[in-house]
Amino acid sequence: MPEGTCVRPLAAAAERLIVALDVATASEAKRLVQAIGPGPGYKIGKQLFVAEGPGLVRELTGSGRRVFLDLKFHDIPNTVAGAVRSAAELGVSMLTVHACGGRRMLEAAVEAAGKAGSPPLVLAVTVLTSLGEADLGEIGVPVGLTEQVIRLARLAQQAGCGGVVASPRETAELRRELGAEMVLVTPGVRPAGSASGDQARTATPGEAIRAGADYIVVGRPITGAPDPGEAARAVVVEITRAAEGRSLVVPA
């Protein structure tokens with residue numbers, strides 16, 4: 001190990017799984033949480049939050065669950081800072097903002113999170129996993145997909161964000177570009193044999209972890225399974241096998 005560095009231990013395998021609660025009601029979400037158990041984290045996105053509001057988030061965090069609030073804030077800096085403060089008061093452990101909101105917006109989000117009693121990790125979303133090269137061209141982005149992901153991730157790092165969200169297809173390149181300290185969260189993860197759905201850039205849990213992901217987000221392959229608990233345990237087994245012997249070397 002190089003002088004002046006230390007090894008950052010990675011979270012336990014179960015904690016590296018985040019189950020996306022992309023369902024319509026609190027009762028359905030709570031049924032899934034009960035079936036899957038306390039190991040993984042749980043992602044609450046726009047559908048569930050708009051339907052059920054912050055009460056469900058408080059209930060989950062109050063019961064000791066780790067909640068990743070994925071509302072992808074993207075607005076003027078002052079508005080995003082206020083939203084981040086409110087999210088932090090819910091006790092969430094992670095939240096998302098769009099990196100394309102720009103440096104000042106990202107810095108405002110980081111500053112607001114840092115003032116919370118238990119600061120959540122601010123994750124910058126780079127390029128949505130549903131988008132491909134042709135989509136970027138259509139919205140006026142003149143560079144390739146990977147270049148755009150790297151560009152936005154570097155901006156997020158410079159603005160003080162603790163991590164980024166990107167597809168597993170870009171994870172290895174991001175790890176090389178950003179170093180070991182930035183947390184990488186990868187949605188669009190599908191166990192082998194699962195349908196890709198509306199995700200354009202997918203990988204298996206093992207592939208994502210081996211590429212350098214800290215956390216993987218899995219939704220329908222678990223929440224739509226006949227036995228969500230068993231499906232989650234199978235993903236954790238794959239994470240464990242992929243992560244064996246892996247650690248991150250970071251500056252001391």
Side-chain angles (χ1 to χ4, degrees), residues 11-73 83-97 113 116-123 125 128-130 163 165 183 185-191 193-199 202 205 208-209 213-240:
E15 295 177 358
R16 299 177 68 180
L17 170 62
I18 298 173
V19 178
L21 296 174
D22 294 331
V23 295
T25 66
S27 59
E28 192 175 359
K30 287 189 278 190
R31 178 187 64 80
L32 287 166
V33 171
Q34 181 68 28
I36 294 166
Y42 292 95
K43 181 177 83 71
I44 292 181
K46 291 184 177 71
Q47 180 188 15
L48 187 57
F49 190 83
V50 169
E52 299 290 352
L56 176 64
V57 179
R58 288 194 188 93
E59 185 174 340
L60 291 179
T61 58
S63 66
R65 308 297 197 227
R66 292 178 297 110
V67 172
F68 169 22
L69 189 62
D70 185 27
L71 299 183
K72 298 181 179 66
F73 298 134
V84 168
R85 281 193 294 273
S86 294
E89 289 173 359
L90 299 176
V92 303
S93 58
M94 300 176 178
L95 57 83
T96 47
V97 296
S118 297
L121 184 68
V122 176
L123 300 168
V125 176
L128 297 174
T129 53
S130 58
V165 179
V183 171
V185 178
T186 60
V189 175
R190 295 286 185 272
S194 299
S196 60
D198 56 359
Q199 304 288 342
T202 66
I209 294 297
D214 291 287
Y215 298 93
I216 62 171
V217 181
V218 184
R220 284 163 283 189
I222 291 176
T223 59
D227 184 341
E230 181 57 34
R233 286 189 288 275
V235 172
V236 171
V237 168
E238 188 171 346
I239 292 173
T240 302

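Note that the numbering runs from 1 along the sequence shown for the chain. Every heavy atom of this structure was used, including side-chain atoms; hydrogens, water molecules and symmetry mates were not.
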Which atom pairs, donor and acceptor, lie under 3.5 Å between side-chain atoms of residues 29-42 and protein residues at least two apart or in another chain?
unit_1, atom_1, unit_2, atom_2, d
K30, NZ, E59, OE2, 3.4
Y42, OH, G37, O, 2.5

Main-chain N/O of [Y] paired to [X] side chain as donor or acceptor, under 3.5 Å:
X: S93; Y: P120; answer: no
X: R16; Y: D214; answer: yes
X: T96; Y: V125; answer: no

Gap between atom [atom2] of [Y] and atom [atom1] of [X] - 0.5 Å precision:
X: D70; Y: L95; atom1: CG; atom2: CG; result: 9.5 Å
X: L48; Y: E28; atom1: CG; atom2: CD; result: 9.0 Å
X: I18; Y: I222; atom1: CD1; atom2: CD1; result: 11.0 Å
X: S86; Y: L71; atom1: OG; atom2: CG; result: 11.0 Å

Test item: [X] and [Y] side chains (from C-beta on) under 4.5 Å apart, heavy atoms:
X: L121; Y: F68; value: no
X: I216; Y: V235; value: yes
X: K43; Y: L21; value: no
X: V165; Y: K72; value: no
X: V218; Y: L17; value: yes

For [X] versus [Y], what's the shortest heavy-atom pair and its separation?
X: V92; Y: A87; value: CG2-O, 3.6 Å
X: A13; Y: T240; value: CB-OG1, 3.2 Å
X: A113; Y: P119; value: O-CB, 3.3 Å
X: L90; Y: P54; value: CD2-CB, 3.7 Å
X: A20; Y: G219; value: CB-CA, 3.8 Å

task = Could you check Q47 against V23 for side-chain contact (heavy atoms from CB on, under 4.5 Å), going step by step and ending with a plain yes or no?
result = CA-CA 7 Å; Q47 180 188 15; V23 295; 5.5 Å; no
